[in-house]
Amino acid sequence: MNGSDIEITSAAATSGHSAAAWAVLAEAKEAMRLAGRSQWQGSYPAVSDVQTDIANGVARVLLHGGQVVGYCALVTNGCDPAYAHITGGRWLTPEGTRYAVVHRIAIAPGMAGRHLATRWMRMLMAEARRLGCRSMRIDTNHDNVQMLRLLPQCGFSQCGTVMQSDGERIAFERVFL
């Protein structure tokens, strides 16, 4: 079974999704640790991030058969303080352009290898466009090989580096036509 055979939907997360969403993130953190990756190996992300995302209306879940198989935060207000200063390059859109940001995206490790992240990223981009965003920005760690492969496949361009609370991240942007 490949990913195109799997029926999935993207939905706003509710408090009822909180435990399952956190479980996806916790499993992804552990998978990164076992792979020797440095991203997400501290206190971030935490269950409180999921709860805050839900309270702020930015939490999204990927559902398969009614089960949560993915989690992310989709922020569409066009303002992320970590993205105000980029080094080693520049954003593709000018300052003042409304953009979306995806944070904390994870697919349940048991669903890996089915191209669900690619399909979900396309759904998230379509939602951001519908909400009036002109582009999408995202950052990842230098050793997150899955994201470094996924982002160019989804049309993102590497733009430089940004600083997050736990270190430097590679910054990407996808402009919507």
Side-chain angles (χ1 to χ4, degrees), residues 3 8 10-13 15 17-64 67-76 79-88 99-125 128 136-154 156 158-174:
I8 56 171
S10 181
S15 58
H17 294 120
S18 182
W22 170 245
V24 168
L25 282 173
E27 289 174 0
K29 283 179 74 159
E30 179 63 6
M32 285 188 193
R33 185 188 69 77
L34 292 172
R37 308 240 172 82
S38 59
Q39 189 170 358
W40 291 4
Q41 296 311 297
S43 60
Y44 174 86
V47 68
S48 60
D49 293 308
V50 173
Q51 293 165 342
T52 300
D53 291 343
I54 291 170
N56 290 338
V58 299
R60 297 293 182 274
V61 287
L62 183 66
L63 302 170
H64 168 58
Q67 300 298 310
V68 174
V69 296
Y71 177 79
C72 77
L74 176 65
V75 182
T76 59
C79 180
D80 189 310
Y83 292 172
H85 183 70
I86 187 168
T87 59
Y99 59 88
V101 176
V102 174
H103 285 301
R104 296 178 286 286
I105 188 166
I107 301 291
M111 299 297 285
R114 299 177 184 182
H115 307 287
L116 299 183
T118 302
R119 290 177 57 203
W120 195 21
M121 187 64 75
R122 289 182 181 133
M123 291 176 189
L124 294 168
M125 287 188 288
M136 182 176 280
R137 295 177 181 179
I138 192 168
D139 64 84
T140 194
N141 201 43
H142 63 75
D143 64 359
N144 191 333
V145 294
Q146 287 89 352
M147 288 303 291
L148 292 171
R149 186 173 49 244
L150 169 73
L151 294 172
Q153 289 174 352
C154 290
F156 285 79
Q158 188 172 331
C159 295
T161 58
V162 294
M163 287 301 294
Q164 292 290 1
S165 60
D166 59 347
E168 187 177 79
R169 299 287 182 255
I170 303 169
F172 291 83
E173 186 171 23
R174 161 80 190 264

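For the single chain, residues carry numbers from 1 onward in sequence order.
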Subject >> Stepwise side chain to side chain contact (heavy atoms under 4.5 Å, CB included) test for Trp22 and Val68 >> reply: CA-CA 10 Å; Trp22 170 245; Val68 174; over 6 Å; no

Subject >> Gln41 side chain to Gln39 backbone, donor-acceptor under 3.5 Å >> reply: yes

Subject >> Main-chain N/O of Cys154 paired with Arg174 side-chain donor or acceptor, under 3.5 Å >> reply: yes

**OP:** Give a yes or no answer on whether the side chain of Asp143 reaches the backbone of Ser38 with a donor-acceptor pair at less than 3.5 Å.
**Re:** yes

Subject >> Whether Tyr83 side chain and Ala171 backbone form a donor-acceptor pair below 3.5 Å >> reply: no

Original post:
Going through the checks in order, is the side chain to side chain contact (heavy atoms under 4.5 Å, CB included) test met by Trp40 and Asn144?
Top reply: CA-CA 10 Å; Trp40 291 4; Asn144 191 333; over 6 Å; no

**OP:** Please round to the nearest 0.5 Å and tell me the distance separating atom CE of Met136 and atom OG1 of Thr76.
**Re:** 9.0 Å

**OP:** Determine whether His17 and Val50 make a side-chain contact, defined as any pair of heavy atoms from C-beta on separated by less than 4.5 Å.
**Re:** no

**OP:** Flag the pair Ile105 / Leu124 as yes when at least one side-chain heavy-atom distance between them is below 4.5 Å, and no otherwise.
**Re:** yes

**OP:** Specify the closest pair of heavy atoms between Gly70 and Trp120, including all atoms of both residues, with the distance to one decimal.
**Re:** C-CH2, 3.6 Å

**OP:** Go through the steps to decide whether Arg37 and Val145 satisfy the test side chain to side chain contact (heavy atoms under 4.5 Å, CB included), and finish with yes or no.
**Re:** CA-CA 9 Å; Arg37 308 240 172 82; Val145 294; 2.9 Å; yes

**OP:** To the nearest 0.5 Å, tell me how far Thr161 OG1 sits from His85 NE2.
**Re:** 8.0 Å

Original post:
Looking at CG of Leu25 and SG of Cys72, how far apart are the two atoms once the value is rounded to the nearest 0.5 Å?
Top reply: 9.5 Å

Original post:
Can you find a heavy atom in the side chain of Val58 that is under 4.5 Å from one in the side chain of Leu74?
Top reply: no

**OP:** Check step by step if side chain to side chain contact (heavy atoms under 4.5 Å, CB included) holds for Val162 and Glu168.
**Re:** CA-CA 6 Å; Val162 294; Glu168 187 177 79; over 6 Å; no

Subject >> Spatial distance of atom OH (Tyr71) from atom CG (Asp49) [nearest 0.5 Å] >> reply: 7.5 Å

**OP:** Taking the side chain as every heavy atom from C-beta outward, state whether Ile138 and Met121 have any pair of such atoms under 4.5 Å apart.
**Re:** yes

Subject >> Closest heavy-atom pair and its distance - Ala11, Leu63 >> reply: CB-CD1, 4.1 Å

Original post:
Can you name the nearest heavy-atom pair linking Glu27 to Ala108, along with the distance?
Top reply: OE1-CB, 4.1 Å

Subject >> From CE (Met147) to CG (Asp139), nearest 0.5 Å >> reply: 9.0 Å

Original post:
Any side-chain heavy atom of Tyr44 within less than 4.5 Å of one from Gln164?
Top reply: no

**OP:** Can you establish whether the number of heavy atoms outside Gln67 located under 6.0 Å from its atom CD is more than 12?
**Re:** no

Subject >> Donor-acceptor pair between Asp80 and His103 side chains, under 3.5 angstrom >> reply: yes

Original post:
Ala13 and Val61: which non-hydrogen atoms are nearest, and at how many Å?
Top reply: CB-CG1, 3.8 Å

Subject >> Between CD1 on residue Ile107 and CZ on residue Arg119, distance to nearest 0.5 Å >> reply: 10.0 Å

Subject >> Considering all heavy atoms, the nearest Gln51-Ser18 contact >> reply: CG-OG, 3.9 Å

**OP:** Locate the shortest heavy-atom distance separating Ala100 from Ala128; write the atom from each residue and the value.
**Re:** CB-CB, 3.6 Å

